[in-house]
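Protein chains get the first letters and strands the later ones, always in sequence-line order, with residue 1 at the start of each. FYI, side chains are in, hydrogens and waters are out, and symmetry mates aren't considered; it's all heavy atoms of this structure. Since the structure is predicted, the reported quantities are computational estimates derived from the model, not experimental observations.
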2 protein chains.
Amino acid sequence: MHTQTQNAFRALADPTRRDIVQMLASQDMTIGQLTDRFDMTRAAVKKHLTVLSDGGLITVEARGRERVNRIDPQGMAPVLDWLRYFNQFWDDRLNSLKEAIERKDK
Amino acid sequence: MHTQTQNAFRALADPTRRDIVQMLASQDMTIGQLTDRFDMTRAAVKKHLTVLSDGGLITVEARGRERVNRIDPQGMAPVLDWLRYFNQFWDDRLNSLKEAIERKDK
DNA sequence: CTGTTTGGATACCATTTGGTTTCACATTAA
DNA sequence: TTAATGTGAAACCAAATGGTATCCAAACAG
C-alpha cells in the first residue's frame, strides 16, 4: 500500500527515531532500556516506537511484562524501492550518454 | 543545529514533496509548471520547494523572470549514507544507488 | 509606458507533532 | 498478599507543519 511508503518515510523523518533504529540495529531493547539512553520520558519514547511500528520498521514481542522491540529490516523495503526509482533514472541517462558516445564513434 | 541528513529526511517525509522530486527527476520545471500538476496554490508548492532546497535535494536557477527547479542527486547522499550505515543487510542495493549518484556527479 | 505574466513574502488558520503529567493495568518479587 | 517493576493510555500543551488568501516586485509583450 502507498501508506506503507508514507509511514516508513515519516518514521525516519525524526532524529530520535533514527537513533532508536540504529540502537535496535545492534541490539533488541525494551522501552525502559531505550528510555535510559534518551533525555525524555518513557511516554515520549513509546510514541516514537508506535510511529516506527506503524512504519513497519520495528516489531514488538511480549515477554513476560516486558516488550522487546526488534528492528524489522523488511520495513525498509518501501523506502529503498522509492529510492531505486532514481537508480533506474540515472542509469537510463547514463546509458543514453553511453549510447550517444558509441554512435559518435561509428 | 539542523544537519543536512535531518533536512534531507524531513524533505522526503511528505508525499507531495516526493512527487515533486519524481517529477523533477524526469524534467526540470518552474514553480508554475509544478503548480499546474497539483491541486494546491503556488504558495503551497513554493513552501515545499523551499523545504526540498533546504534538504539539498533541488537547486534553483534564475532564467529571466522564471526560476527553473532542478533535482540535485547529490542531496540524496546523506540519506543513502544513513541507510547504509545502519543496516548491513542492504549494503549491496544501497551501494548500487550510491555509485549511480556518484557517477552522475562527475 | 501599460498591462500581463511569473514568482516571492507575509499573515493567518487548522491540524499534526513531540513532548509532558498522570493514572491504570499486569507481571514479578518479597 | 503486598510492594515494586514494566508498560500502556489519555489529557493536555507549545511548536511545527501544510495549507490559504493577499499583496508586492520584477521581467516580458503590446
Name every donor-acceptor pair, under 3.5 Å, that has one atom in a side chain of residues 37-56 of chain B and the other anywhere in the protein, sequence neighbours excluded.
| residue | atom | partner | partner atom | Å |
| --- | --- | --- | --- | --- |
| Thr41(B) | OG1 | Ala44(B) | N | 3.3 |
| His48(B) | ND1 | Arg17(B) | NH1 | 3.2 |
| Thr50(B) | OG1 | Lys46(B) | O | 3.1 |

For residues 60-68 of chain B, which side-chain N or O atoms pair as donor and acceptor with protein atoms under 3.5 Å away, sequence neighbours left out?
| residue | atom | partner | partner atom | Å |
| --- | --- | --- | --- | --- |
| Glu61(B) | OE1 | Arg70(B) | NH1 | 3.0 |
| Glu61(B) | OE1 | Arg70(B) | NH2 | 3.3 |

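Scanning both residues, Ala8(A) and Val79(A), for their nearest heavy atoms gives CB-CG2, 3.7 Å.
Side-chain atoms of Gln22(B) do not come within 3.5 Å of backbone N or O of Asp19(B) as any donor-acceptor pair.
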Using a 4.0 Å cut-off on protein heavy atoms (strictly under), produce a 5'-to-3' string for nucleotides 1-19 of chain D with B for base contact, S for backbone-only sugar-phosphate contact, and - for none. ---BBSBB--------SBB

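With Asn69(A) as reference, Ile58(A) is the one residue of Ile20(A), Thr59(A), Ile58(A) to meet the side-chain contact (heavy atoms from CB on, under 4.5 Å) rule.
Put simply, CG on Leu52(A) is 13 Å from C1' on dG18(C), counting in whole angstrom units.
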